[in-house]
Amino acid sequence: MDDGAQQLNTSARLGEEIYELAVELFPIARSITGAGVRDTLRVLSRHLPIEVHEVATETPVFDWVIPKEWIIREAYIENELGNRIVDFRHSNLHVLNYSVPVDKMVSLADLKEHVFTIPEQPDLIPYRTSYYSERWGFCMPHNLLMSLPEGRYRVHIDSELRQGALTYGEYLHKGTSDREFLLTTHICHPSMANDNCSGLALLTVLAEELRARQTRYSYRFLFIPGTIGSLAWLAANEDKIPQIDHGLVVSCVGDSQGPTYKRSRRGDAFIDRAMAHVLSHLPGQSANVVDFSPYGYDERQFCSPGFNMPVGLFQRGAHGTFPQYHTSADDVDFIRAEHLAHSYDILTDVIDVVEEDWVPLNLSPKGEPQLGRRGLYAALGGLQASSHGAMPMLWVLNLADGSNSLLAMAERSGLSFADVAEAARLLREHGLLSAQ
């Protein structure tokens, strides 16, 4: 089996592994606090030695405060005959996330005041939350709500808001350097496969694979509740922020759209350039690279002006742009192993850029060195011994004045980073380059 076929087989295997883990995570009833987050971290901990952190209720985190912990045990709506209209056991999207408890009989008019639907998508259950405002509520398909006859309905939500903790998970893969690459994904969404079982599963498998690899950078993985979780981590780890050189928030990586990258607030950070370069060289596929905006996922917190970290957002379909977003249609049939594998490959390509970038210096800068007598034309691994095949080496030699890294050379030449890195490796082996 040649290297290309072996790589395809490995990619397909990893895609299936990521998909299977996402399917396992899908039924868990998650929120920004509570048992669902802990149950999810227990599943992920079978793959990684995750350090679990607990931040107590009422702990201040900058301008925010850790909320009470939400416990949900049971929820349903019954008609006067005792027939259940909706049941939390059938879909954990049926309950307004963070709903306070309720147990009473209400009229249909009163019920409608506490039910969320999507009239434009009348057969789907929406995902709705009320983290910081205490109220009770249900979610259901709009057609179901419209079909309910006049009468009395029992609304029952067995939940609790109590003193507890916010939980998040962290794993650090140590490299030869203390400089870090931060990869983070949100763990708070309940049963939605793309947003964000896909991100949780992909980063878990990626971290698991990195454990077998010696790296230059250290890689910090965070599995955190959205917004409040990133704020809690930042508040506890301000001393670590200066050593983070690159960062990505990862979510919605299992659908067929995109891929999409949102730049960091800086706009020209190394991670912005590396992601744009990798995406520009995807074979037969166009990708979206968009500028930073202060709306989205946890990149908003990492890129807030007080931190301004080099953290971008990687997705396939951007949040809010696909009709399944925040609905019951975001199920395990919506994501695919091949899309998860493709997202995984993109991230590993970016990691390769981070790991392999360096600044070379041409040791024979006056005119072109004679490549033929050194056998370098034939050494270019499958490329024809022609002027075109020599282009990566010619670009590297010409730009290796001690001011350009390999990524800068790839950007200027239009060649792939992999071709430029391979050319630089060969030139260095033959004594034509040194590291600046």
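Note that the coordinates shown come from a computational prediction; the quantities given were computed from them, not determined experimentally.
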- Query: Please walk me through it: do Glu69 and Arg38 pass salt bridge (charged side-chain N to carboxylate O under 4.0 Å, His left out)?
  - Reply: CA-CA 12 Å; Glu69 185 172 327; Arg38 298 186 187 102; 2.9 Å; yes

- Message: Using the rule given for salt bridge (charged side-chain N to carboxylate O under 4.0 Å, His left out), can you reason through Arg425 versus Glu422, listing the C-alpha separation, both sets of side-chain angles and the distance that settles it, and then say yes or no?
- Response: CA-CA 5 Å; Arg425 183 188 67 80; Glu422 174 64 8; 2.7 Å; yes

- Message: Does Asn196 form a side-chain hydrogen bond (donor to acceptor under 3.5 Å, both in side chains) with Ser251? I'd like the steps, not just the answer.
- Response: CA-CA 6 Å; Asn196 186 41; Ser251 72; 4.7 Å; no

- Message: Under the criterion side-chain contact (heavy atoms from CB on, under 4.5 Å), I'd like the reasoning laid out for Ile228 against Trp64: C-alpha separation, chi angles, the key distance, then a yes or no.
- Response: CA-CA 8 Å; Ile228 192 67; Trp64 297 60; 3.9 Å; yes

- Task: Verify side-chain hydrogen bond (donor to acceptor under 3.5 Å, both in side chains) between Arg179 and Ser218, making sure each step is shown before the conclusion.
- Result: CA-CA 6 Å; Arg179 307 308 299 175; Ser218 296; over 6 Å; no

- Query: Passes side-chain contact (heavy atoms from CB on, under 4.5 Å), Arg273 versus Ile271? Steps please.
  - Reply: CA-CA 5 Å; Arg273 295 168 53 208; Ile271 189 63; over 6 Å; no

- Task: Mind running salt bridge (charged side-chain N to carboxylate O under 4.0 Å, His left out) on Arg73 and Glu160 for me, showing each step along the way?
- Result: CA-CA 9 Å; Arg73 289 176 282 265; Glu160 183 182 352; 3.4 Å; yes

- Message: With side-chain hydrogen bond (donor to acceptor under 3.5 Å, both in side chains) as the criterion, how do Glu54 and Thr167 come out once you've worked through the C-alpha distance, each side chain's angles and the decisive distance to 0.1 Å?
- Response: CA-CA 5 Å; Glu54 301 270 352; Thr167 309; 3.0 Å; yes

- Does the salt bridge (charged side-chain N to carboxylate O under 4.0 Å, His left out) test come out yes or no for Asp291 and Arg263, once each step is laid out? CA-CA 5 Å; Asp291 287 333; Arg263 296 184 183 94; 2.4 Å; yes

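Counting only distance, with no hydrogens or angles, the side chain of Thr321 and the backbone of Gly317 share no donor-acceptor pair below 3.5 Å. Remark: the backbone N or O of Gly258 is not paired with any side-chain donor or acceptor of Asn288 at under 3.5 angstrom. Distance alone, capped at 3.5 Å, is enough to place a donor-acceptor pair between the Ser191 side chain and the Phe26 backbone.
Side chains of Arg316 and Ser343: a donor on one and an acceptor on the other come within 3.5 Å. Side-chain atoms of Asp123 and Asn143 include a donor-acceptor pair closer than 3.5 Å. Side-chain contact, Asp255 with Tyr325: no donor N or O sits under 3.5 Å from an acceptor N or O. Using a 3.5 Å distance cut-off with no hydrogens or angles, the side chains of Ser304 and Arg265 do not pair a donor with an acceptor. Donor-acceptor pairing under 3.5 Å is lacking for the side chains of Thr129 and Asn97.
Taking the six-membered ring for Trp and the full ring otherwise, the centers of His319 and His326 sit at least 6.0 Å from each other. Annotation: Phe307 is not in aromatic contact with Phe302 [ring centroid separation under 6.0 Å not met]. Ring centroid separation for the pair Tyr168 and His53 comes in under the 6.0 Å cut-off. Phe181 has its ring centre less than 6.0 Å from the ring centre of Tyr219. Taking the six-membered ring for Trp and the full ring otherwise, Phe223 and Trp233 have centroids separated by 6.0 Å or more. In this structure, His246 has its ring center under 6.0 Å from that of Tyr217. Annotation: His90 is not in aromatic contact with His94 [ring centroid separation under 6.0 Å not met].
Under the 4.0 Å criterion applied to side-chain N and carboxylate O atoms, Glu170 and Arg220 are assigned as salt-bridge partners. Note on Arg374 versus Glu429: no salt bridge recorded, every NZ/NE/NH1/NH2 to OD/OE distance being 4.0 Å or above. The existence of a salt bridge linking Asp268 and Arg266 is excluded, since no basic side-chain nitrogen approaches an acidic carboxylate oxygen closer than 4.0 Å.
Ring planes of Trp136 and Phe138: perpendicular class, angle over 60° (limits at 30 and 60°).
A heavy-atom distance below 4.5 Å is found between the side chains of Gln370 and Arg373. Two residues are said to be in side-chain contact when any heavy atoms from C-beta on lie closer than 4.5 Å; Phe270 and Pro310 fail this criterion. At a threshold of 4.5 Å between non-hydrogen side-chain atoms, the residues Arg30 and Asn92 do not count as touching. For the pair Leu427/Leu371, a side-chain contact is recorded, criterion being any heavy-atom separation below 4.5 Å from C-beta on. Counting only heavy atoms from C-beta outward, the side chains of Phe221 and Leu210 approach each other to under 4.5 Å. In this structure, the side chains of Ser11 and Glu338 stay at 4.5 Å or more apart for every pair of heavy atoms. Between Ser31 and Cys188, the closest side-chain pair of non-hydrogen atoms is not below 4.5 Å. Side-chain contact between Arg412 and Leu399 is present, with heavy atoms from C-beta onward closer than 4.5 Å.
Residues that satisfy the ring pair (Phe, Tyr, Trp, His ring centres under 6.0 Å) test with Phe334, not counting sequence neighbours, are Phe322. Residues forming a salt bridge (Lys or Arg N to Asp or Glu O under 4.0 Å) with Asp333 (at least two apart in sequence, or on another chain): none.
Remark: Glu368 CD is loosely packed, at most 12 non-hydrogen atoms of other residues, nucleotides or ligands lying under 6.0 Å away. Other residues, nucleotides and ligands place more than 12 heavy atoms under 6.0 Å from the CD atom of Gln163. Atom CG of Asp178 sits in a sparse spot, with 12 or fewer heavy atoms from other residues, nucleotides or ligands closer than 6.0 Å. Taking a 6.0 Å sphere around CZ of Arg213, one finds it holds more than 12 heavy atoms contributed by other residues, nucleotides or ligands. For Glu238, the CD atom is densely surrounded, since the number of other residues' heavy atoms within 6.0 Å is greater than 12.
Atom-to-atom distance recorded for Ile244:CD1 and Leu182:CG is 4.5 Å, nearest 0.5 angstrom. For the atom pair Ile28 CD1 and Cys197 SG, the distance stands at 8.0 Å (nearest 0.5 Å). Residue Leu222 holds its CG atom at 4.5 Å from OG1 of Thr184, rounded to the nearest 0.5 Å. Separation of atoms CG (Asp245) and OG (Ser177) is listed at 7.5 Å; rounding is to 0.5 Å. Expressed to the nearest 0.5 Å, how far CG of Leu25 lies from CG of Leu44 amounts to 5.5 Å. Atom OG in Ser256 sits 12.0 Å away from atom CD1 in Ile335 (nearest 0.5 Å).
Taking the ring axis of Trp70 as reference, the NZ or CZ atom of Arg162 does not stay both within 45° of it and closer than 6.0 Å to the ring centre.
Of the options Thr215, Leu248, Leu206, a side chain to side chain contact (heavy atoms under 4.5 Å, CB included) to Ile351 is made by Leu206 and by none of the others.
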